[in-house]
Amino acid sequence: GDIFPLGTTTVTYMVADASGNETTCSFNVTVIDNELPTFTCPANVEVTAISGACFAPVFVSQPTDENDNCSIAEIYNDYNGNIDATDVYQIGTTLVTWYIVDGSGNVNTCEMTVTVIDNEAPEIEVCLDQNAPNVFSETMLMVNNIGGACETFVNIPQPIVADNCGNTTFINDFNNTADASDSYPVGITTVTWTVSDEQGNTATCSIEVFVNDTEAPILTCPADIFITTDPAICAASVNTAFVTVPMPTATDNCGNLELINSYNQTNDASDEYPVGITVVTWSTIDN
């Protein structure tokens, strides 16, 4: 019985008699180390990405408080396989696992995170591609309505965007999808694009979709009116009579018509008319 070192020690016994005859036997004493080494991981690290890039160089401290009952063979991390995790890290959170191994092969681990923050919004280089069809200006498309309809389908290109990390998504506030091509009503519709990157940074721009109504309304006048005044009116030297004039029939692809007549400048031509022939001209105007 004694103190034996780590590992296997061979012990040999020898026995001899009085005549000097000897014999031996041997056995092994094996001391096993199953005690894990210990250490403390570096603190979590958070940095901001380099401007215009999707990564950042990050300094990471080494583990501390390394301890083992026998000996420490190595310490390394799973990010770059070295004892030093200082390196270039991509946008997002990277889990770094540290390993400590003692001389007996016992392994212990600890974990830390390296977070690279992207706070750089996407850049909208072109909100409306000037090579797209029907582009009227840098911010407006203009198309004519479909015959007989108060709307038309308009093809709208997505904005041209640059981002330090790429992978941007689009949404517009007209149909709340990534494709603003749709049927637009007559008139001017403002469409606002919102561009987002994977980290939630956003940028916006707006264009106008002008659907031009080139279709005149259709107007049908009431029939000519012939009336005869009361003889008593003429005897009294009164040369007018009240005439009820029907409204004309007016239709338009978009509706909402305004009517006006040339006699009393209102939408109702019923009025006092003089003896003789009065020409009444009706006009109608759409939106």
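These figures come from a predicted structure and were not determined experimentally. Excluded from the calculations below are hydrogen atoms, water molecules and symmetry mates; all remaining heavy atoms, backbone and side chain alike, are included.
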| message | Could you check whether any side-chain heavy atom of Pro133 comes within less than 4.5 Å of a side-chain heavy atom of Leu141, counting everything from C-beta outward? | response | no
| query | Taking Gln130 for the side chain and Leu128 for the main chain, is one N or O donor matched with an acceptor at less than 3.5 Å? | reply | yes
| Can you tell me if Thr177 uses its side chain to pair, donor with acceptor, with the backbone of Asp179 under 3.5 Å? | yes
| message | Any non-hydrogen side-chain atom of Pro246 less than 4.5 Å from a side-chain atom of Ile225? | response | yes
| For the side chain of Asp252 and the backbone of Asn256, is there at least one donor-acceptor N/O pair under 3.5 Å apart? | no
| field | Heavy-atom closest contact (Thr284 atom, Ala250 atom, distance) | value | OG1-CB, 4.3 Å
| field | CA sep, side-chain torsions, deciding dist, call: Phe39, Trp98, side-chain contact (heavy atoms from CB on, under 4.5 Å) | value | CA-CA 9 Å; Phe39 66 150; Trp98 287 91; 3.7 Å; yes
| said: For a quick test of reading the model, state the closest non-hydrogen atom pair linking Leu95 to Thr113 and the distance between them. | reply: CD1-CG2, 4.0 Å
| message | Test your reading of the model: is there a side-chain donor-acceptor pair from Asn77 to the backbone of Asn82, 3.5 Å cut-off? | response | yes
| request: Apply side chain to side chain donor-acceptor pair (under 3.5 Å) to Ser196 and Thr202, showing your working. | output: CA-CA 4 Å; Ser196 305; Thr202 62; 5.5 Å; no
| query | Are side-chain heavy atoms of Val101 and Pro37 found at a separation under 4.5 Å? | reply | no
| For the residue pair Phe170 and Trp193, does the interplanar ring angle fall in the parallel (under 30°), tilted (30 to 60°) or perpendicular (over 60°) class? | perpendicular
| query | Would you say the side chain of Thr152 lies within less than 4.5 Å of the side chain of Val154, judging by non-hydrogen atoms? | reply | yes
| query | With no hydrogens and no angle check, is any side-chain donor or acceptor of Ser262 less than 3.5 Å from a backbone partner on Val280? | reply | no
| Crowded around Glu138 CD? As in, over 12 foreign heavy atoms under 6.0 Å? | no
| task | Specify the closest pair of heavy atoms between Cys165 and Asp118, including all atoms of both residues, with the distance to one decimal. | result | SG-OD2, 4.0 Å
| request: Take Ile146 and Glu151, measure what side-chain contact (heavy atoms from CB on, under 4.5 Å) needs, and give me the verdict at the end. | output: CA-CA 6 Å; Ile146 300 173; Glu151 61 183 9; 5.9 Å; no
| said: Given 3.5 Å as the limit, does a donor-acceptor pair link the side chain of Glu208 with the main chain of Thr139, or not? | reply: no
| said: With clusters defined by side-chain heavy atoms of hydrophobic residues (ILVMFWY) lying less than 4.5 Å apart, directly or transitively, does Val60 cluster with Tyr99? | reply: no
| field | Residue that, paired with Asp182, satisfies side chain to side chain donor-acceptor pair (under 3.5 Å) out of Asn155, Asn175, Asn172 | value | Asn175
| query | For Asn212 and Thr214, what are the C-alpha separation, side-chain angles and deciding distance, and is it a side chain to side chain donor-acceptor pair (under 3.5 Å)? | reply | CA-CA 6 Å; Asn212 185 29; Thr214 60; 5.8 Å; no
| said: Counting C-beta onward and ignoring hydrogens, is there a side-chain heavy-atom pair between Val45 and Met112 closer than 4.5 Å? | reply: yes
| request: Would you sort out whether Tyr273 and Val245 count as a side-chain contact (heavy atoms from CB on, under 4.5 Å), showing the intermediate values? | output: CA-CA 11 Å; Tyr273 283 82; Val245 179; 4.0 Å; yes
| said: Using side chain to side chain donor-acceptor pair (under 3.5 Å), reason through Asp213 and Asn253 one step at a time and then give a plain yes or no. | reply: CA-CA 9 Å; Asp213 177 16; Asn253 58 314; 3.3 Å; yes
| field | Ile83 and Tyr76, any side-chain heavy atoms less than 4.5 Å apart | value | no
| task | Mind running side-chain contact (heavy atoms from CB on, under 4.5 Å) on Val186 and Asn287 for me, showing each step along the way? | result | CA-CA 9 Å; Val186 163; Asn287 284 340; 6.0 Å; no
| said: Looking only at the side chains, is there a donor atom on one of Ser19 and Asp17 sitting less than 3.5 Å from an acceptor on the other? | reply: no
| Can you name the nearest heavy-atom pair linking Pro63 to Ile75, along with the distance? | CG-CG2, 4.1 Å
| request: Mind checking disulfide (SG to SG under 2.5 Å) for Cys110 and listing every partner two or more places apart, or none if nothing turns up? | output: Cys41
| query | Which residues pass the side-chain hydrogen bond (donor to acceptor under 3.5 Å, both in side chains) test with Asp65, sequence neighbours left out? | reply | Thr40
| task | Keeping the roles fixed (side chain from Asp78, backbone from Thr97), state whether a donor-acceptor pair exists under 3.5 Å. | result | yes
| task | May I ask whether Tyr79 and Ile91 are part of the same hydrophobic cluster, defined by side-chain heavy atoms of I, L, V, M, F, W, Y residues being less than 4.5 angstrom apart, directly or through others? | result | yes
| query | Is the backbone N or O of Leu36 less than 3.5 Å from a side-chain atom of Asn108, with the two atoms forming a donor-acceptor pair by type? | reply | no
| said: Take a 6.0 Å sphere around CD1 of Ile218 and say whether it holds more than 12 heavy atoms from other residues, nucleotides or ligands. | reply: no
| said: For a quick check under 3.5 Å, do Thr266 and Asp268 share a side-chain donor-acceptor pair by atom type? | reply: no
| said: Walk me through whether Thr30 and Asn28 qualify under side chain to side chain donor-acceptor pair (under 3.5 Å). | reply: CA-CA 6 Å; Thr30 302; Asn28 293 329; 5.7 Å; no
| said: Is it true that, when you exclude Phe136 itself, more than 12 heavy atoms of the residues, nucleotides or ligands shown sit nearer than 6.0 Å to its CZ? | reply: no
| task | Of all the heavy-atom pairs spanning Cys70 and Asp33, show the shortest one and how long it is. | result | SG-OD2, 3.9 Å
| message | I need the Gln265 CD to Ile260 CD1 distance, nearest 0.5 Å. | response | 5.0 Å
| message | Keeping Glu120 on the side-chain end and Gly52 on the backbone end, is there a donor-acceptor pair under 3.5 Å? | response | yes
| query | Under a single-linkage definition using a 4.5 Å side-chain heavy-atom cutoff for Ile, Leu, Val, Met, Phe, Trp and Tyr, are Met247 and Leu219 assigned to the same hydrophobic cluster? | reply | yes
| Shortest non-hydrogen separation from Ala121 to Asp163 and the atoms involved | C-OD1, 3.9 Å
| query | Between Phe210 and Ile156, is there a shared hydrophobic cluster once you connect ILVMFWY residues whose side-chain heavy atoms come closer than 4.5 Å? | reply | no
| Any link between Val135 and Val161 through a network of hydrophobic side chains (Ile, Leu, Val, Met, Phe, Trp, Tyr) touching at under 4.5 Å? | yes
| Hey, is CZ on Phe242 packed in by over 12 heavy atoms from elsewhere, all under 6.0 Å? | yes
| query | Regarding Thr244 and Ser270, is there a side-chain donor-to-acceptor distance under 3.5 Å anywhere? | reply | no
| message | For Ile32, I'd like to know if atom CD1 has over 12 heavy atoms of other residues, nucleotides or ligands within 6.0 Å. | response | no
| Is there a donor-acceptor contact under 3.5 Å from the side chain of Asp68 to the main chain of Ile72? | no
